[in-house]
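Just below is one structure, and these are the notes that go with it.
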Amino acid sequence: MASSTPFLTISLVAFLFFITVSADPDMLQDLCVADLSSGIKVNGFPCKDAATITSLDFFSQGIANPGLTNNTFGALVTGANVMTIPGLNTLGVSLARIDYAPGGLNPPHIHPRATEVVYVLQGTLDVGFLTTANKLISQSLKKGDVFAFPKGLVHFQKNNGHVPASVIAAFNSQLPGTQSLGATLFGSTPPVPDNVLAQAFQTSPGTVKHIKTKFQPKM
């Protein structure tokens, strides 16, 4: 039995380590309201002067109402993160509201800094994520359902219904970050070389050029 003690100790230390790095760093004070105007660059945001903090630093009505979905994908993400609620700085949590028109899509994307959990407010959605073994984990959701998307994995939500849908999404990061695969690969600045994308997707440079025109920034 004694011989297993070092293994258990190492396992416990490893477990505690992975817990500590699984989300934003823990805060070391009561609060650290983000000073979004500061020119100081840190991993997060520097703290505002405590004398200038008000309740508005912790308040937002930004996700109370549906967002406009008259865009290319028929979906809109409205964030409630540290950029709109400075008091979330160092707290390691944030929310978003996602609205979908009938047929709307939140296209395949990743959140490099957070796991996401969605709660369906209205409508129905077909959702899914892909493991690193390229296995699709998918589910159809209705009002009141909850679904989790693991940190860093490609995922999507699609409204295949005939009425609008919406969710509240929760993240274990003050600023989860989002990389939409299409926009990232075909709309980057400077652009990813056509021959790289053509070889990666087993298609022609001409096809790549055509796809890139769909992701050019709107001027």
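Nothing here was measured: the structure is a model prediction, and the numbers come from that model.
Among residues at least two apart or in separate chains, there is no disulfide bond (SG atoms under 2.5 Å apart) pair with a member in residues 77-149. Listed by first then second residue, pairs satisfying side-chain hydrogen bond (donor to acceptor under 3.5 Å, both in side chains) with a partner in residues 29-46 read D35-S37, not counting sequence neighbours. Residue pairs meeting the disulfide bond (SG atoms under 2.5 Å apart) criterion with at least one partner in residues 79-123, sequence neighbours excluded, do not occur; the list is empty. The stretch residues 27-110 participates, sequence neighbours left out, in these disulfide bond (SG atoms under 2.5 Å apart) pairs: C32-C47. For residues 31-59, no residue pair satisfies the ring pair (Phe, Tyr, Trp, His ring centres under 6.0 Å) rule, not counting sequence neighbours. Pairs passing the ring pair (Phe, Tyr, Trp, His ring centres under 6.0 Å) check and including a residue from residues 63-89, sequence neighbours excluded, do not occur. For residues 184-201, the side-chain hydrogen bond (donor to acceptor under 3.5 Å, both in side chains) pairs, not counting sequence neighbours, are D194-K209, D194-K212. Identified under the side-chain hydrogen bond (donor to acceptor under 3.5 Å, both in side chains) test for residues 53-70, with sequence neighbours left out: K48-D57.
If you chain together ILVMFWY residues whose side-chain heavy atoms come under 4.5 Å of each other, V118 ends up grouped with V77, I98, Y100, V120, L125, V127, F129, I137, L141, F147, F149, L153, V167. Side-chain contacts under 4.5 Å among hydrophobic residues (ILVMFWY), followed directly or transitively, place L121 together with I63, L95, V117, Y119, V146, I168.
Residues passing the side chain to side chain donor-acceptor pair (under 3.5 Å) test with D99 are R97, sequence neighbours excluded. Residues satisfying the ring pair (Phe, Tyr, Trp, His ring centres under 6.0 Å) test with F186, not counting sequence neighbours, are F201.
Other residues, nucleotides and ligands place no more than 12 heavy atoms under 6.0 Å from the CD1 atom of I40.
V33 is not listed as a side-chain neighbour of N89, based on a closest heavy-atom distance of 4.5 Å or more.
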